[in-house]
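The structure displayed is predicted, hence computed values, not measured ones.
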Amino acid sequence: MADTRAFEQACDNSVNKMQELLMQNMEQTLDHVAGKAKEKVGVGTGALRADTRSLGVEIVGDEVHGAVGNSLEYAIYHHQGTGIYASDGNGRKTPWVYEDPKTGEKIYTRGSKPNPYLKDTIEQEQSTISKLLGGAN
């Protein structure tokens, strides 16, 4: 009986060590992706670039999940585009006017083109992402 408990404890310890290793690999991968994505963000004030970061790692069932993103309200519009340029084609179809909060100038627009910096980074960094998740430094 003692041998069975020792074996079960050893298995549990191995699983815990593997989960820790996978979480560390995911954290390193997310940091890499966030760093590369920052290079692709268009810069107005630099706030969006500064806010691009790892949003955390968690274990869900038997999987390790991680996310990179932004918390700024306008990040989705920058990434997906707006108006006639919206990525999914579901943006506003008619032009509109708004007032620039910095200058007070009235701006006529049909939308803004997408800059899918996160999606592009993930696609372009697949080889490195796979290596990092596998434990390469």
Side-chain angles (χ1 to χ4, degrees):
M1 194 72 162
D3 287 339
T4 302
R5 279 189 228 144
F7 176 74
E8 288 174 354
Q9 184 62 47
C11 287
D12 289 344
N13 289 344
S14 294
V15 168
N16 290 340
K17 286 181 183 177
M18 183 59 75
Q19 284 181 335
E20 287 176 26
L21 180 62
L22 291 172
M23 288 185 72
Q24 288 173 1
N25 291 353
M26 178 63 82
E27 288 170 0
Q28 185 177 6
T29 302
L30 296 177
D31 288 344
H32 173 79
V33 169
K36 291 293 184 178
K38 284 180 180 198
E39 296 172 9
K40 298 179 184 317
V41 174
V43 176
T45 64
L48 189 60
R49 177 178 285 162
D51 192 59
T52 302
R53 66 186 186 288
S54 167
L55 299 177
V57 177
E58 65 180 339
I59 296 177
V60 179
D62 61 351
E63 297 178 339
V64 177
H65 290 204
V68 172
N70 306 86
S71 63
L72 297 177
E73 185 177 319
Y74 64 89
I76 187 73
Y77 305 115
H78 182 79
H79 194 273
Q80 298 300 108
T82 61
I84 64 171
Y85 306 107
S87 295
D88 297 332
N90 58 358
R92 183 175 176 166
K93 305 297 183 230
T94 58
W96 67 96
V97 176
Y98 70 94
E99 188 174 301
D100 184 318
K102 292 179 186 173
T103 65
E105 176 184 354
K106 297 240 186 245
I107 307 288
Y108 172 86
T109 186
R110 298 178 61 103
S112 63
K113 293 182 180 178
N115 176 5
Y117 57 96
L118 291 169
K119 179 180 173 277
D120 290 351
T121 298
I122 290 168
E123 289 173 359
Q124 293 166 1
E125 294 294 317
Q126 275 300 304
S127 175
T128 302
I129 289 169
S130 294
K131 289 174 186 172
L132 291 171
L133 288 173
N137 289 325

Under a 4.5 Å cut-off applied to non-hydrogen side-chain atoms, are Tyr85 and Ser112 in contact?
no

Note, Ile129 side chain near Val33 side chain (heavy atom, < 4.5 Å):
yes

Tell me, do Val68 and Leu55 make a side-chain contact under 4.5 Å, heavy atoms counted?
no

Determine which pairs satisfy salt bridge (Lys or Arg N to Asp or Glu O under 4.0 Å) with at least one residue from residues 27-39, sequence neighbours left out, and list them in order.
none

Kindly give the heavy-atom pair with the smallest separation between Leu30 and Ser54, and that separation in Å.
CD1-OG, 3.4 Å

Is there side-chain contact between Leu118 and Thr52, with at least one heavy-atom pair below 4.5 Å?
yes

Answer whether the closest heavy-atom distance between the side chains of Thr121 and Lys40 falls below 4.5 Å.
yes

Pairing residues for Tyr74 by the side-chain contact (heavy atoms from CB on, under 4.5 Å) criterion, not counting sequence neighbours:
Thr45, Ala47, Leu48, Leu72, Tyr77

Listed once per pair and sorted, the salt bridge (Lys or Arg N to Asp or Glu O under 4.0 Å) pairs that draw on residues 118-137, sequence neighbours left out
Lys119-Glu123

For the hydrophobic clusters of this structure (ILVMFWY residues joined by side-chain heavy atoms under 4.5 Å, transitively), does one cluster hold both Val15 and Ile59?
no

Heavy-atom pair with the smallest gap, counting every atom of Ala75 and Asn70:
CB-CB, 3.6 Å

Rounded to the nearest 0.5 Å, what's the gap from CG on Leu133 to OG1 on Thr29? Could you check?
3.5 Å

Just verifying a value: how many Å separate Tyr108 OH and Trp96 CH2, rounded to the nearest 0.5 Å?
10.0 Å

With the 4.5 Å side-chain cut-off for hydrophobic clustering, are Ile122 and Leu132 part of the same group?
no

Sidechain-backbone polar pair: Asp100 side chain, Lys102 backbone, donor-acceptor under 3.5 Å
yes

Testing the 3.5 Å rule here: is there a donor-acceptor pair between the side chains of Glu20 and Asn16?
no

Set of salt bridge (charged side-chain N to carboxylate O under 4.0 Å, His left out) partners for Lys106, sequence neighbours left out
Glu99

For Lys93, does the NZ atom have more than 12 heavy-atom neighbours from other residues, nucleotides or ligands under 6.0 Å away?
yes

For Tyr117, enumerate each residue passing the ring pair (Phe, Tyr, Trp, His ring centres under 6.0 Å) test, keeping only those at least two apart in sequence or located in another chain.
His78, His79

Side chain of Arg49, backbone of Val41: donor and acceptor closer than 3.5 Å?
yes

Are Val60 and Met26 connected in the hydrophobic side-chain network, where two residues link if heavy atoms are under 4.5 Å apart?
no

Listing request: all salt bridge (Lys or Arg N to Asp or Glu O under 4.0 Å) pairs with a residue in residues 52-81, at least two apart in sequence or in separate chains.
Asp51-Arg53

Do Val64 and Gln19 have side chains that approach each other closer than 4.5 Å (heavy atoms only, starting at C-beta)?
no

